[in-house]
Amino acid sequence: MVSGFAFTVEADGLSQASKRPYHLDLRFAANIAKETFVAERVQLKRRLLICQRQNKLQQRFIADQQIIQAAKAHRRQQADHILTSLTAAERNRVDRLEKRRLINKNLVERAKQIARQQRARIQREQEQRRVDLEQRQRETEKRRAAFLEKNKSRVNCTTMGITKLDRKLMALLDDFHRLGLPVVRQKETWVDFHALGQLIQQKSVILKVSDLLQMLMAGAGDQVHPDPRIFLSAYMIVTCSHDVMQHPDQAQHLIASAATLLENFERVVQQPTVSTTALNQAWHRYVGHFKTWRSADCNDLIAGTIDYILELRAMCKLLHGDDNLKRQLRVQVQQTKRKLYRIGGKKALTMLRTKQVEHETIWSQPSDASHQTIQVTNSQLAHELIVDPEFQLQRVSGSKDHLENRIRDIALKAYFDVLRDDIARHVYKPTLLSTLQAIRAKLLGMVTEGRETHRLIDESFDLELIEQAMDNGDLDLSFVVSSILSCIKQLCAPCRDERVVKIENTADPVDQLEQIMPLLDDMLLDIANFQLRSVQPYLSTVALDYERDVFKNLYCSPDDSNVIKLLPHTQQWIQREFEKWMAVETQCSQEQNAVLEHAPSLEALFYDGCVALLECSSPVPETWEMDAHRFIRIERHIHHIAVVASLTMICGNLCSVPLSERNRLGEHLFGLLTGQEFSTMQLAQKILHVLDTNSIVHPAMRAIVPHILTGDDSVYTLLRRRILDALRQSIITHTTLSTTVLGKSNLDVIHGPLARLASQVDRLCQHNLEVYRPWYSLIFSFSTRIKQ
């Protein structure tokens, strides 16, 4: 062991395979070479990685350059497309202007031609009128001379037997000839409506005609005293039919009978010795037609007066702040009511009250601002959805003659006329811009905000761009309207597609906008009805409790001690039905010598009372207030059913019409009664036309139909009573009406409509009884306890 420096040598690395040791210099040189090789490999790999990175960057740079070039090319293509579109638009605008100029030129030429033709026609008419006047003047002179000669010869004539007449009749005839009444067969003697009205209203004319008619009628042995005013009305009906009647073509029988009466009267006056039998027959025929026409005309006058009163009341409600004008309107309403009472009596006032209830219970109103909006509570809407599964909000159309409809039509026509003039003058603000804003608001209101459709409508209907185009004067209104229609196509229901196609086929953009506005209102109603249908299943589960809670908040709880005082009409209704039941049962017990021991059930009194509400116009009970308008519709439907049953029954008895023909006739009559509203006279004429079309002709039908329509007929009263009995039996037993049962009462023709009506009434009554049973039970116990 050597002391000092010590080191360790790897023995294995110092030997070769032959076990001979390496030289140290060789061993260290090998290690140095190995390290040099590793460093070179690292450098090589680094250079390779750098080259790969450079290649990738180069490729990415080339791809970016290609994208930039493609974007520039796309932008150039878009610019070219916009320029092409602008060029095409300008060319289309020039073409349209040229076409419009040619059309206007043709219209001006046509107007000039029509004006020349009109001037020539007026000149010819004036010349012809002058020639006719001269000819009539010559003929008048001839007739005057002949008439004077005839009057002279009449005094001295003995061949005609005039000397045998009474001196009083001679004097009456002379006085009549001097009255100046027109001659039916000589139209040149006819005068205008005003002059004839003043003539026949003179007291002297009425007295002289009365004396002459009484003497002529008495000569034929007739005991009836003819009314001179009815006779003089024949002159008005024949010579001034268009001034007296609104629809003369529907009163041809009256006009013909009046002309026949006057012809026979003039024949008797000219030849007093002839028989007056034909005159008496013509008089009776004319009086029958006249009374029928006067009755229908009176009904039309009552209906018109009622509508006028309702319009005055509606106008009074629309006024705000002007107390003086309101006071004048109220005074006018009271005066008109007194006039209505003089015309129709208590029956007319009852009709007025019924119309008022119907007028005040309109449920569905359009969203158009031109309509008077009526606030409908949630409870009323929920009640409609529960009672009527087919309930839908509908646009109120009404009669075109109604005041509100006339005002709305005039306002809309004036608005779109102004819009059309502004567009023609390239003035788009504020009329067109406000219209487009309203359309855009309605379209956006149909879609929930945040949805894709809402975003598309908002982007495609950019009012800022439209307003800029208006300011620049290059607005393409047709393109704007087509954009609106494309949005409407995405939102409207399939049932509205036909109207959209019709609007697209309209050439004038203003006419298209005028048709788009009501279409949008109908689409809003479609959406509202869909939402109502979706909430119906939920309402059916909470209906009873919800309506009870609402009624408690409005009136009182069934546990309240003041229920009788707070529900007076309901108490009177149940009390009245209980008294009817007591009267019937008391009479039966007296006839059978028995003692009345049992009391009626609440259900029996309730169902009898429901039918009684359809018959009388007493105050509606508080529990039925939300169904007051429904009772009016049901009563009208009962009237239609009774009219059809009466007419088909009379046709079967008088004309031997088989059952199959009566069924078909009933369908035609139902369609006529439930269709467009007509006056009683117009409806009678249309029903008679239907009867004639079906080869049902009988002289008595012409006099029976108006009485049936007004309810003034014994057959109508009998069948209406049977219909109400059938309804009572159906709602008491909760069963459908069978054809066999109705056939025994001659109601088999109306089985379908009556069965559907009975089902509706039954569902309504059951729901009302379930909701208000606690209140009915308390009032029923109170009423029976007081009576006992």
Side-chain angles (χ1 to χ4, degrees), residues 78-104 368 412-413 415-447 451-527:
Q78 283 186 339
D80 295 340
H81 179 70
I82 292 173
L83 291 175
T84 304
S85 299
L86 291 176
T87 304
E90 181 65 21
R91 185 168 59 255
N92 292 336
R93 188 180 69 85
V94 172
D95 293 341
R96 290 184 180 180
L97 290 176
E98 183 64 22
K99 290 180 181 179
R100 182 59 59 86
R101 188 184 65 79
L102 293 176
I103 292 173
N104 292 336
D368 194 353
L412 288 176
K413 184 179 184 301
Y415 178 82
F416 284 102
D417 287 343
V418 172
L419 178 60
R420 187 176 284 103
D421 294 338
D422 290 346
I423 293 175
R425 294 185 290 107
H426 300 286
V427 178
Y428 304 107
K429 296 180 181 180
T431 51
L432 179 59
L433 183 60
S434 62
T435 303
L436 296 178
Q437 288 174 347
I439 293 174
R440 182 177 183 272
K442 289 184 178 182
L443 288 174
L444 292 177
M446 297 178 188
V447 186
R451 292 192 175 183
E452 183 67 18
T453 308
H454 189 280
R455 186 183 63 80
L456 291 176
I457 294 174
D458 192 13
E459 293 178 355
S460 62
F461 204 162
D462 193 346
L463 285 179
E464 293 182 359
L465 294 178
I466 294 175
E467 190 172 0
Q468 291 178 4
M470 290 180 179
D471 296 335
N472 297 331
D474 56 354
L475 176 67
D476 189 356
L477 185 57
S478 300
F479 177 76
V480 175
V481 174
S482 63
S483 301
I484 295 172
L485 290 175
S486 64
C487 296
I488 291 176
K489 287 180 180 179
Q490 298 179 10
L491 299 176
C492 69
C495 60
R496 308 294 181 188
D497 291 341
E498 185 177 353
R499 291 178 61 181
V500 175
V501 173
K502 182 180 178 182
I503 294 174
E504 288 180 335
N505 295 332
T506 303
D508 190 2
V510 179
D511 293 337
Q512 289 180 320
L513 292 175
E514 188 175 358
Q515 298 176 38
I516 285 173
M517 297 300 288
L519 176 60
L520 293 176
D521 292 334
D522 292 338
M523 291 171 61
L524 289 173
L525 285 178
D526 294 339
I527 295 174

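Positions are given from 1, in the same order as the sequence printed here.
- Within 6.0 Å of CD on Glu498 lie no more than 12 heavy atoms contributed by other residues, nucleotides or ligands.
- Residue Ile516 holds its CD1 atom at 11.0 Å from NZ of Lys442, rounded to the nearest 0.5 Å.
- In this structure, the side chains of Thr87 and Glu90 stay at 4.5 Å or more apart for every pair of heavy atoms.
- For the pair Arg496 and Cys492, the tightest heavy-atom approach, listed with the atom from each and the gap, is CB-CB, 4.0 Å.
- If you check the side chains of Asp511 and Thr506, you find no donor sitting under 3.5 Å from an acceptor.
- Considering all non-hydrogen atoms of both residues, Met517 and Phe416 come closest at CG-CZ, 4.3 Å.
- A 4.5 Å side-chain heavy-atom check between Gln515 and Arg499 finds every atom pair outside the cut-off.
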Test log, rule side-chain contact (heavy atoms from CB on, under 4.5 Å), inputs Ile457 and Arg440: CA-CA 8 Å; Ile457 294 174; Arg440 182 177 183 272; 5.5 Å; no

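- Annotation: the span from Ile488 atom CD1 to Leu519 atom CG amounts to 5.0 Å, rounded to 0.5 Å.
- With rounding to the nearest 0.5 angstrom, the CG atom of Leu513 is 9.0 Å from the CG atom of Asp508.
- Other residues, nucleotides and ligands contribute over 12 non-hydrogen atoms within 6.0 Å of the CZ atom of Arg455.
- When all heavy atoms of Glu504 and Leu485 are compared, the closest pair comes out as CG-CD1, 3.6 Å.
- For the atom pair CG (Leu443) and CG (Leu524), the distance works out to 9.0 Å, reported to the nearest 0.5 Å.
- For the pair Asp95 and Lys99, the salt-bridge criterion is not met [side-chain N within less than 4.0 Å of a carboxylate O].
- Shown here for Ser483 and Ser486, the closest heavy-atom pair between the two residues is O-OG, 2.5 Å.
- Rounded to the nearest 0.5 Å, atoms CD (Gln78) and OG (Ser85) are 11.0 Å apart.
- For NZ of Lys429, the number of neighbouring non-hydrogen atoms (other residues, nucleotides, ligands) closer than 6.0 Å is greater than 12.
- Look at Arg93 and Asp476 and you find no salt bridge, because none of the NZ, NE, NH1 or NH2 atoms lies under 4.0 Å from a carboxylate O.
- Side-chain atoms of Met446 and Leu520, non-hydrogen and from C-beta on, do get closer than 4.5 Å to each other.
- Distance CG/Leu477 to CD1/Ile484: 8.0 Å, rounded to 0.5 Å.
- Contact between Gln512 and Ile503 at its shortest, heavy atoms only, is NE2-O, 2.9 Å.
- Minimum interatomic distance between Leu475 and Met470 (heavy atoms only, all atoms of both residues): CD2-CG, 3.8 Å.
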